[in-house]
Amino acid sequence: MSTEMPTEPVLQWYAENARDLPWREPAATPWSILVSELMLQQTPVVRVLPVWREWMDRWPTPAALAAEPSGEAVRAWGRLGYPRRALRLHACAVAITELHGGEVPDDHAVLLSLPGVGAYTAAAVASFAFGQRHAVLDTNVRRVLARLKSGVEHPPQTQTRAEVKLAESLLPEEPATAALWAVAVMELGALVCTARSPRCADCPVLERCAWYLNGKPPYDGPPRRGQTYAGTDRQCRGRLLAVLRQAPGPVEKPALDVVWSDSVQRERALDGLVADGLVDPLDDGRYALPS
DNA sequence: TATGCGTGGAC
DNA sequence: TGTCCAAGCAT
């Protein structure tokens, strides 16, 4: 242990306060952890839980999912949002089945090659599923480090090399400890060091927090991008895909037309869904989830 | 590197 | 009410 990082208080706090999440149980498999990580991208835990359980019951292995049409993954995705993730998870299942002997790879670089798996998810799976030592830098960890070490309320809008270096420098040497540290810092960010109204009174490292010691100065950087939604192509895509998810089979075009009045935007959104592989235009003019 | 990509809960 | 935010990725 070569840092001044308060590893022990954070690990202690985690031992006493961690949520009982099913993908953290001993029975969790690399596949179930990979599925949880894809689902959790930009999506709250409470909404992931029921869908993750359904998926694990139905597709306990990559081969089980790979044997089904990708449209079934899209349908079972429900309203989690960003449904391209369902497609990517299905593509993961196919790649794992066909290229990796049906086993989720444990190598970080190989994980990175999987669809929908970026720097964060590869590190998370390598760490949480295989106990390896990686800097796991998600929005929670970035926020905790920004406050604890940089003394600012929020991290930069886009991840910097300095943040990666900082996270790596704080990693305990022992892989098992590093993996525990990674999940503990994430949990601290999720439960205590939250974006709004952080619960500083409950923080195990408050007296070592640069932001707190600075008097918790408010964020003074550039305005953080607000996501508008109403009236966007995104909302339109969501409406169109919801029709297809709820239908037992292919639908006629008018069934799609009724959910969005602006025909120009509607056609653009539908074209986008087709281009993304989320919607299959049939020869008879109907539309379906992909097969 | 800036942008597009869903959805819904909290305040 | 509108705004902010939630375990990012691909292009």
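The sequence lines fix the lettering, A, B, ..., with proteins before strands; numbering per chain opens at 1.
Within 6.0 Å of the CD atom in Glu267(A), the count of heavy atoms belonging to other residues, nucleotides or ligands exceeds 12. Counted within 6.0 Å of CZ on Arg19(A), heavy atoms from surrounding residues, nucleotides or ligands total more than 12; the atom is thus considered enclosed.
Considering CG of Asp106(A) and NE2 of His100(A), their distance stands at 11.0 Å, rounded to 0.5 Å. Atom-to-atom distance recorded for Thr29(A):OG1 and Met56(A):CE is 6.5 Å, nearest 0.5 angstrom. Interatomic distance, Trp211(A) CH2 to Leu145(A) CG, rounded to the nearest 0.5 Å: 14.5 Å.
Contacts of Leu241(A) with the nucleic acid, taken as non-hydrogen atoms under 4.0 Å apart, are absent. Arg237(A) comes within 4.0 angstrom of the backbone, heavy atoms only, and of no base. Counting any heavy atom pair closer than 4.0 Å across all strands shown, Val136(A) reaches no nucleic acid atom. Using a 4.0 Å heavy-atom distance criterion, Leu137(A) is classed as making no nucleic acid contact. Arg268(A) comes within 4.0 angstrom of no nucleic acid atom, judged by non-hydrogen atoms across all strands. Nucleic acid contact class of Arg24(A) (heavy atoms, under 4.0 Å, all strands): base. Residue Thr194(A) is out of contact with every strand shown, counting any heavy-atom pair closer than 4.0 Å.
If you check distances only, the side chain of Thr43(A) does reach the base of dG6(B) with a donor-acceptor pair under 3.5 Å. You won't find any donor-acceptor pair under 3.5 Å spanning the side chain of Arg234(A) and the base of dG4(B), going by distance alone.
Two residues, Glu187(A) and Arg88(A), neighbour DNA chain C, and the one matched to the more 5' nucleotide by heavy-atom proximity is Glu187(A). In terms of position on DNA chain B, the residue among Ser197(A) and Thr232(A) whose nearest nucleotide sits closer to the 5' end is Thr232(A).
Of all nucleotides in DNA chain C having an atom under 4.0 Å from a heavy atom of chain A, the first and last in 5' to 3' order are dC4(C) to dA10(C).
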*asked:* Between Glu68(A) and Arg58(A), is the salt bridge (charged side-chain N to carboxylate O under 4.0 Å, His left out) condition met? List the steps.
replied: CA-CA 11 Å; Glu68(A) 297 233 31; Arg58(A) 184 171 176 184; 3.5 Å; yes
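We find that CZ of Arg47(A) is positioned 13 Å from C1' of dA10(B), with the value rounded to whole Å. Atom CD in Gln246(A) sits about 16 Å away from atom P in dG6(B), given to the nearest Å.
Ring orientation note: the planes of Trp52(A) and Trp23(A) are nearly perpendicular, at an angle over 60° on the 30°/60° scale.
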